[in-house]
Amino acid sequence: TQLLEQSPQFLSIQEGENLTVYCNSSSVFSSLQWYRQEPGEGPVLLVTVVTGGEVKKLKRLTFQFGDARKDSSLHITAAQPGDTGLYLCAGAVSGGSNYKLTFGKGTLLTVNP
Amino acid sequence: DSGVTQTPKHLITATGQRVTLRCSPRSGDLSVYWYQQSLDQGLQFLIQYYNGEERAKGNILERFSAQQFPDLHSELNLSSLELGDSALYFCASSEGPHLSSYNSPLHFGNGTRLTVT
């Protein structure tokens, strides 16, 4: 069983601050996805990273995949109240022709105005 | 809007009862996935159907069952409900049979919140 540990579990910051959340595992993943889930809604895919060491940017969000493809980080610059939500990472392991997707428990981010 | 529709939005029932959750996938998507989300376990994969056939099974209890109909909508049946079954149940859909983040990303519905009292 591939376990994904996300940290911190909870994060409350002020608007304009920077933050980084982490997703760690002892397993190697074919790819890793980040989702954001807002209250009352389902998770929405933000990005997929595939190559070890890969960095992807989505406006103020920077995603990095570890060199060994076991961990990932999400950095948010100048956080805004609209960034509030549960950030989930999900690791994909290829099992033949199908992927198994394992989710972490998430980091609950609150950005206060 | 993901295009995935789940009903009902909220469901309150008693222990021992049976409920049915319904999901309509995004137009064009043939795969439907069911997930359970709770505070202690996070998002857990239950089962996948593709074009009416069971494709993959996760941590689904024997008291739970699902099916996908010819019109591609899916139902998740939960029976002999226990207090611990209280959770958010999400349906997700994707285009193909293989869960690939590139060619067939997951689109989640807004979930059904089940409360067992």
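In what follows, every chain begins at residue 1, and chains take the letters A, B, ... in the order their sequences are listed.
No more than 12 heavy atoms of other residues, nucleotides or ligands sit less than 6.0 Å from atom CD of A:Q9. Counted within 6.0 Å of CD on B:E62, heavy atoms from surrounding residues, nucleotides or ligands total 12 or fewer; the atom is thus considered open. Crowding of B:L83 atom CG: a count of heavy atoms from other residues, nucleotides or ligands under 6.0 Å exceeding 12.
There is no path of hydrophobic side-chain contacts, each under 4.5 Å, that joins A:Y22 to A:L4. B:L78 is not connected to B:I12 by any chain of hydrophobic side-chain contacts under 4.5 Å among Ile, Leu, Val, Met, Phe, Trp and Tyr, and they are in different clusters. In terms of hydrophobic clustering, with Ile, Leu, Val, Met, Phe, Trp and Tyr side chains grouped at heavy-atom distances under 4.5 Å, A:V55 and A:L61 are assigned to different clusters. Cluster membership check: B:F64 does not share its hydrophobic cluster with B:F45, using side-chain heavy-atom separations under 4.5 Å among Ile, Leu, Val, Met, Phe, Trp and Tyr.
Neither the backbone nor the side chain of A:E38 comes within less than 4.5 Å of any heavy atom of chain B. Neither the backbone nor the side chain of B:Q6 comes within less than 4.5 Å of any heavy atom in chain A.
Contact annotation: the side chain of A:V44 never approaches that of B:S2 to less than 4.5 Å [non-hydrogen atoms, C-beta and beyond]. Side-chain contact between A:E41 and B:F90 is absent, with no heavy atoms from C-beta onward closer than 4.5 Å.
Checking side-chain atoms of A:K105 against main-chain N and O of B:D40 turns up a donor-acceptor pair under 3.5 Å.
Atom-to-atom distance recorded for B:L43:CG and A:L101:CG is 9.0 Å, nearest 0.5 angstrom.
Per-residue counts of heavy-atom pairs under 4.5 Å with chain A were compared for B:G109, B:G111, B:A92; the largest is that of B:G109.
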Residue pair A:Y35, B:L106: steps toward the side-chain contact (heavy atoms from CB on, under 4.5 Å) verdict: CA-CA 10 Å; A:Y35 293 78; B:L106 277 181; 4.0 Å; yes
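What you find for B:N110 and A:G42 is that their closest heavy atoms are OD1-N, 3.3 Å.
A ring-centre distance under 6.0 Å is found for B:Y35 and A:F103.
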